[in-house]
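Letters A, B, ... are given to chains in the order of the sequence lines, protein chains preceding strands, and every chain is numbered from 1.
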Protein chains: 2
Amino acid sequence: MDAHATRARATLAAVAERAGVSRSTASLAFSGAGPVAPETRDRVLEAARTLGYGGPDPVARSLRRGRTGIVGVVIEDRLREAFRDPMNIPMLDGLADELGTAGLSILLLTDPTTAGSDPGVPAVIETAPMDAVVLVGCSTRLDASVALLRRRRIPIAAIEAEPMEGVLDIALDNRRASALGAARMHELGHRDIAVVTLPLGPEHSAGALAEDWEARATSFPAAERLRGVLDVYDTLRGWMAPASSIASGYTAGLSILADPQHRPTAVIAQSDLLALGVIRAADELGLMVPADLSVLGFDGIRTEGYGGVELTTLVQPAIEKGRAAGRGVLRLLAGEPAPPVLLRCTLRPGQTVGPPAA
Amino acid sequence: MDAHATRARATLAAVAERAGVSRSTASLAFSGAGPVAPETRDRVLEAARTLGYGGPDPVARSLRRGRTGIVGVVIEDRLREAFRDPMNIPMLDGLADELGTAGLSILLLTDPTTAGSDPGVPAVIETAPMDAVVLVGCSTRLDASVALLRRRRIPIAAIEAEPMEGVLDIALDNRRASALGAARMHELGHRDIAVVTLPLGPEHSAGALAEDWEARATSFPAAERLRGVLDVYDTLRGWMAPASSIASGYTAGLSILADPQHRPTAVIAQSDLLALGVIRAADELGLMVPADLSVLGFDGIRTEGYGGVELTTLVQPAIEKGRAAGRGVLRLLAGEPAPPVLLRCTLRPGQTVGPPAA
DNA sequence: TTGCAGGGTCGAATCGATTCGATCGAATCG
DNA sequence: CGATTCGATCGAATCGATTCGACCCTGCAA
């Protein structure tokens, strides 16, 4: 039924000629913008069918209109890593939801500075056709790309990134929330705590936190969360996990809790997955949570799938992060001013935090 | 430092004029395709900097070159649903990996037929600029869009879809694998089994499998897996889950195992998440797995994060699905023939399947 | 009968690059 | 020294649409 498959792809001009109308009229027949006699429209559509014409070429249309209908989403690291973080999914979903209603789709881009990239070859983030860009969990390494995007007049929104000139900031109160959680711990009487952090730098290695962590940190949320705890506790033991996962938390937990003589009474983890890992380690070492050890998480994932522990944790509005970014981008595209957004986390009491053993 | 931010966005023509060279030379200076005197190049680059030119416009370049560097990935349902399925992540990762090395990025598209879409307004899948398309877990509802893409001469690959003319098929041996698993159950002596299926149709409702399921099924993998079991067991109890999740499996498990007088000795689940849910239900009803009930999964997820049960399951090569699709698309784009791919699942013995109680 | 509104159509300019073929001077070769 | 090649540059065509302003006709009001 696929009609005469001609050699070359048909163009609107060919369709117009075949229908005996001008290109402009043929265009109007397809786009519906402007008056066209029903009979003429039918003739054009008929010609299109005969020629196997698949509708106006999206690229040509984009060039003329100045809009591609594409919003780039730049995600740090590899896709696999990114999707392992349970917070990214609802965020993306909120974003897609908000953009989708405006007819925009999402182009997945990975941070070019992570891959082994030629400095000579321009990164895809700099050459992809996009109307706007959303940076998520991106570090300052992207500065060069951001500058380029700005020169190309492409609106940029950044989720949980260090505020940048000319970039719409969708922030989370990571520091305040962490301080809140830490204060709660302190209030309960904990004096010796440990923090398990997300990867702070680009190297993603595991180990005790170095003295100069702040100077080398590139992950803004991780640094902010750590600062929040330090706002309450001057001294603490820090352990950096190589990723946000149960396995990494487990390893971290084993290290931190190994020495019975020198055990913290509480662990503040920078993600729920890490917290679950720490709990598993505690479990294995025969420690009861929260009687022997309190564990505080961060994120507010639904833990039902993970063994059913009810984590005490700082819940972040993940979907709303995406939604806010989507709405912001839409406003910027419409030429309207878009105010920065600050989202707040809340402490959700669970069954993993209590007073320290006497 | 951003130089004279001129009113209008600068074009290559403006840069060329400013540098005192022709547009063609300016173009060569940027693309590097062709000989340009170093001094000339510098002059062009300098002019670009002065004018705040951000490099060649991707859309214009795409129009001329006939390539966008974008591959659309059509995912059924909403993103949230899609990413909940643990098999989609590694698949996407494999795909991104393979496409990334060729400089292509992924445009996320959702099945337009699911959303409440105007039939008048063309779906984004039909108007997005793309070089190729990968359909994943898509049903025959997409037929119209597929026809359009074909008319636009856009190569299409489909993962686990019903084979279609002109669409590169990346298949999984769902039926054979399921039959294999079922045969193993039969071999062990199970005579009364139940199957928990993935959503078979678009409605995503839960409940006992209807007689006419085959006629109404739109999900090809789910149907194939069910057929595989039916190749071994003529009669069985079927229960359709509304989604691939632990919660759905749990609900299904409770329904299937509720009546002690009429309990199957084994449950074949169409995904590991469903299997884990069934196991949880069995647990709650005081049934030992595999002593009182055998449970077979499908997918081969790493279950460590989910409570540590070692599932007996049919392992599918998820990353390879994505890779194969990626490679296939690349070949099609290069104009080479791309052979269809058939990937095989393997039965991985765990601790959830055994002989029925005597 | 004239004037005017407006539906329908068309021609031409435009979006912003890439690329083919031609040109021209300088260097190389026999 | 003439022929050839090669490097550097340019002009013009091209990619495939959208859209603005102009034009023509018809119908209706004054």
Can you name the nearest heavy-atom pair linking A:A157 to A:V329, along with the distance? CB-CG2, 3.9 Å
Salt bridge flag under 4.0 Å for residues A:R9 and A:D57: yes
For the backbone of A:A13 and the side chain of A:R23, can you confirm whether one donor and one acceptor N or O come within less than 3.5 Å of each other? no
Among C:dG16, D:dC10, C:dG7, the one nearest A:L63 by side-chain distance: C:dG16
salt_bridge(B:E46, B:R49) N-O dist < 4.0 Å: yes
B:R153 CZ to D:dG16 C1': how many Å, rounded? 15 Å
Of all the choices, C:dG7, D:dC10, D:dG16, which nucleotide is nearest to the side chain of A:R9 once you look at every atom? D:dG16
Heavy-atom distance under 4.5 Å between the side chains of B:L333 and B:P155, does that happen here? yes
In whole angstroms, the gap separating P of D:dA8 from CG of B:D42 amounts to 13 Å
Strictly below 4.0 Å: does B:T40 bring a side-chain N or O up to OP1 or OP2 of D:dA8? no
Between A:E320 and A:R327, does any side-chain N to carboxylate O distance fall below 4.0 Å? yes
Please check if the number of heavy atoms outside A:R331 that lie under 6.0 Å from its CZ is greater than 12. yes
Every protein N/O within reach of nucleotides 17-25 of chain D N/O, cut-off under 3.5 Å:
from	atom 1	to	atom 2	distance (Å)
D:dA17	OP1	A:Y53	OH	2.6
D:dA17	OP1	A:D57	N	2.8
D:dA17	OP2	A:L12	N	2.4
D:dT18	OP2	A:S27	OG	2.5
D:dT18	O2	A:R64	NH1	2.2

Give A:V59 one of three labels, base, sugar-phosphate or nothing, depending on what nucleic acid heavy atoms sit under 4.0 Å from its own. nothing
Any side-chain donor paired with an acceptor under 3.5 Å for A:T25 and A:S22? yes
Would you kindly give the CZ-to-P distance between B:R67 and D:dT14, to the nearest whole Å? 22 Å
DNA chain C in dot-bracket, Watson-Crick or G-U pairs under 3.5 Å, [ ] crossing, | other strand? ||||||||||||||||||||||||||||||
To the nearest 0.5 angstrom, please state how far the CD atom of A:E98 sits from the CG atom of A:L104. 11.0 Å
D:dC10 P sits how many Å from B:E17 CD, rounded? 13 Å
